[in-house]
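Just the heavy atoms: all of them, side chains too, but no hydrogens, waters or symmetry mates, feed the values below. Order of the sequence lines sets the chain letters (A, B, ...), proteins ahead of strands, with each chain counted from 1.
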There are 2 protein chains.
Amino acid sequence: MQNINIELLKSYGLKATPQRIDILNTIEKLGHANIDEIYEIVKKSNPTISLATVYKNITALVEKALLKEVALNNFKSKYEIIKDRHSHLICKVCGKVTDVELNNEILLLSEQLSNNNNFNYKDIELNIYGICSSCA
Amino acid sequence: MQNINIELLKSYGLKATPQRIDILNTIEKLGHANIDEIYEIVKKSNPTISLATVYKNITALVEKALLKEVALNNFKSKYEIIKDRHSHLICKVCGKVTDVELNNEILLLSEQLSNNNNFNYKDIELNIYGICSSCA
DNA sequence: TTGCTACAAATAAAAATTATTAATTAGGAG
DNA sequence: CTCCTAATTAATAATTTTTATTTGTAGCAA
Ligand SMILES: [Mn+2]
Ligand SMILES: [Mn+2]
Ligand SMILES: [Zn+2]
Ligand SMILES: [Zn+2]
């Protein structure tokens, strides 16, 4: 089909409404985006969309594990389409989030750490905070 | 002096008000706590404290780098007194945050990763999400 | 075609955070 | 120790963020 996100929604058993498609297209384009960024961009192609619709859909898509929240120190949470495990470079100045490869070694160490602490490991998040090249 | 947090505040050039001392004592006791948890506990010893005072002080102490925000997926941010670098086990059910040792290897890999990506490394955060023993 | 269900827009309500203002106080100067 | 003052607080009020409600519509199944 022409748009991969329509397929994505359907594969998760969700209706591919124009609003949802727009939201996913926006997140896909930006990589990581917060609610306001998504709303502002989606409004351009769909001027009557309600902010509440963005909230409701983001929540629904996170619940269905199609999107993932990226909670940030100092900034509003961003959302990304779930993909292979990776790590994040997070700019303390502009809040930009960049994907980087996650070393497998780190994954193993984290699982060990969980076992040692009687903790049922599910997921790891390695966030590296610093200053991005455009803000430097 | 009897209370280490009074010294802590003064060493950061901050007035040691009863409100701030109570807030720090609470965070120290809980390890990691969000605004509401702090407010509820501090109210016991200081029933007239305002929630806005808790907000204002938390913000101030984070700015002075005496406290650190711990942003969490799905839960309100928690705050901890800044201490040696460490990692977090985060329970997806109850939101409890537990400190664990941070392998030095991971730190080195993260710095390398930053260099490779023209990113000015400042800080690392390794959050391990899963289910804690009491929730299991 | 009719009825059902999921969804959206519009709006209201609730929850979270920040700003304002007048009164109080911590900490230093004398 | 007493006084002074800038910093801080309590008590709101205001704003911002998030969630709930209501009503209408579109897609689909019987
Ligand atoms: Mn990512
Ligand atoms: Mn900690
Ligand atoms: Zn930046
Ligand atoms: Zn738990």
Side-chain angles (χ1 to χ4, degrees), chain A residues 1 5-26 33-64 66-67 69-79 95, chain B residues 1-3 5-26 33-64 66-67 69-79 95:
Chain A
M1 204 147 287
N5 289 324
I6 296 176
E7 292 305 301
L8 188 60
L9 283 164
K10 288 183 178 169
S11 75
Y12 276 79
L14 292 162
K15 284 193 179 173
T17 66
Q19 292 83 354
R20 284 176 181 166
I21 296 164
D22 281 355
I23 289 170
L24 286 182
N25 287 345
T26 299
N34 68 30
I35 294 277
D36 303 317
E37 291 164 347
I38 295 165
Y39 178 56
E40 287 307 319
I41 290 179
V42 169
K43 254 200 311 199
K44 290 178 189 166
S45 57
N46 183 345
T48 71
I49 196 172
S50 159
L51 178 57
T53 296
V54 178
Y55 270 103
K56 201 149 34 64
N57 277 316
I58 292 290
T59 303
L61 298 181
V62 168
E63 265 168 15
K64 289 277 185 177
L66 194 158
L67 291 182
E69 179 182 1
V70 182
L72 300 171
N73 290 348
N74 244 311
F75 298 96
K76 286 179 80 168
S77 283
K78 294 193 170 186
Y79 299 88
Chain B
M1 203 146 293
Q2 65 285 60
N3 185 324
N5 289 324
I6 296 176
E7 293 304 303
L8 187 60
L9 285 164
K10 288 184 176 168
S11 75
Y12 277 79
L14 292 162
K15 284 191 179 178
T17 66
Q19 292 82 353
R20 284 177 180 163
I21 297 164
D22 281 353
I23 288 170
L24 286 182
N25 287 346
T26 300
N34 69 29
I35 294 277
D36 303 317
E37 291 164 346
I38 295 165
Y39 178 57
E40 286 309 317
I41 290 181
V42 168
K43 254 200 311 199
K44 290 178 188 166
S45 56
N46 183 345
T48 72
I49 195 172
S50 160
L51 178 57
T53 295
V54 178
Y55 271 103
K56 199 146 36 60
N57 277 317
I58 292 291
T59 302
L61 298 181
V62 168
E63 266 168 14
K64 291 275 186 177
L66 194 158
L67 291 183
E69 179 181 1
V70 182
L72 301 172
N73 290 348
N74 243 312
F75 297 96
K76 286 179 78 168
S77 283
K78 295 193 169 185
Y79 299 88

J.: To the nearest Å, how far apart are B/Tyr39 OH and D/dT9 P?
T.: 14 Å

J.: Can you tell me how far the NZ atom of B/Lys64 sits from the CG atom of B/Leu8, to the nearest 0.5 Å?
T.: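 Going from the NZ atom of B/Lys64 to the CG atom of B/Leu8 covers 12.5 Å.
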
J.: Looking at residues at least two apart in the chain, or sitting in another chain, which of them share a side chain to side chain contact (heavy atoms under 4.5 Å, CB included) with A/Ser77?
T.: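 Testing A/Ser77 for side chain to side chain contact (heavy atoms under 4.5 Å, CB included), a comparison that skips the adjacent residues, returns A/Glu69, A/Ala71, A/Tyr79.
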
J.: How would you list, by chain and number, every residue that makes a salt bridge (charged side-chain N to carboxylate O under 4.0 Å, His left out) with B/Lys76, sequence neighbours excluded?
T.: B/Asp36

J.: Please list, chain by chain and in numerical order, all residues satisfying side chain to side chain contact (heavy atoms under 4.5 Å, CB included) with A/Leu9, sequence neighbours excluded.
T.: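 Once residues adjacent in sequence are excluded, the partners of A/Leu9 under the side chain to side chain contact (heavy atoms under 4.5 Å, CB included) criterion are A/Leu14, A/Ala16, A/Arg20, A/Ile21, A/Leu24, A/Leu61, A/Leu66.
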
J.: What bend angle does the helix from C/dT1-D/dA30 to C/dG30-D/dC1 show across its length, from five-pair end axes and to the nearest 10 degrees?
T.: 30°

J.: Looking at residues 48-56 of chain B, who's got a heavy atom less than 4.0 Å off DNA chain D?
T.: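 Heavy-atom contacts with DNA chain D come from B/Thr48, B/Ile49, B/Ser50, B/Ala52, B/Thr53, B/Lys56.
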
J.: Whole angstroms only, please: what is the CG-P distance between B/Asn74 and D/dT19?
T.: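 Atom-to-atom, B/Asn74 to D/dT19, this comes out as 11 Å.
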
J.: Nearest-Å distance, NZ (B/Lys76) to P (D/dT17)?
T.: 14 Å

J.: Could you point out which residue of B/Ile41, B/Thr17, B/Asn57, B/Asn5 forms a side-chain contact (heavy atoms from CB on, under 4.5 Å) with B/Ile23?
T.: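 Only match with B/Ile23 under side-chain contact (heavy atoms from CB on, under 4.5 Å): B/Asn57.
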
J.: Apply side-chain hydrogen bond (donor to acceptor under 3.5 Å, both in side chains) to B/Asn34 and list each qualifying residue two or more places apart in sequence or on a separate chain.
T.: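 Partners of B/Asn34 under the side-chain hydrogen bond (donor to acceptor under 3.5 Å, both in side chains) test: none.
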
J.: Return the set of residues passing side chain to side chain contact (heavy atoms under 4.5 Å, CB included) with B/Thr59 (not counting sequence neighbours), or none when no residue passes.
T.: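 B/Thr59 satisfies side chain to side chain contact (heavy atoms under 4.5 Å, CB included) with B/Glu63 only.
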
J.: What residue pairs, at least two apart or across chains, pass salt bridge (charged side-chain N to carboxylate O under 4.0 Å, His left out) with a residue in residues 42-55 of chain A?
T.: A/Glu40-A/Lys43

J.: Figure out the CD1/P separation between B/Ile23 and D/dT8, and round it to whole Å.
T.: 12 Å

J.: Between the protein and nucleotides 22-28 of chain D, which nitrogen or oxygen pairs are less than 3.5 angstrom apart?
T.:
none

J.: What is the separation between atom CD on B/Gln19 and atom C1' on D/dA7, rounded to the nearest whole Å?
T.: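 Atom CD in B/Gln19 sits about 12 Å away from atom C1' in D/dA7.
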
J.: For A/Asn73, check side-chain hydrogen bond (donor to acceptor under 3.5 Å, both in side chains) against everything at least two apart and list the hits.
T.: B/Glu125

J.: B/Asn46 has an atom CG; how far is it from atom C1' of D/dA11, in whole Å?
T.: 14 Å

J.: Identify, with sequence neighbours excluded, every residue that meets side-chain hydrogen bond (donor to acceptor under 3.5 Å, both in side chains) alongside A/Ser45.
T.: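 So A/Ser45 forms a side-chain hydrogen bond (donor to acceptor under 3.5 Å, both in side chains) with A/Asp22.
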
J.: Does any non-hydrogen side-chain atom of B/Leu51 lie less than 4.5 Å from one of B/Ile35?
T.: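 Result yes, sub-4.5 Å side-chain heavy-atom pair found.
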
J.: Rounded to whole angstroms, how far apart are CD1 on A/Ile35 and P on D/dT17?
T.: 11 Å

J.: Give me the first and last nucleotide of DNA chain C, going 5' to 3', that has any atom under 4.0 Å from a heavy atom of chain B.
T.: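 Nucleotide range with atoms under 4.0 Å of chain B: C/dA16 to C/dG27.
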
J.: Donor-acceptor check, side chain of B/Asn46 to backbone of B/Val42, threshold 3.5 angstrom: yes or no?
T.: no

J.: What's the separation between atom OG in B/Ser11 and atom CD1 in B/Ile6, rounded to the nearest 0.5 Å?
T.: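 With rounding to 0.5 Å, OG (B/Ser11) is 12.0 Å from CD1 (B/Ile6).
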
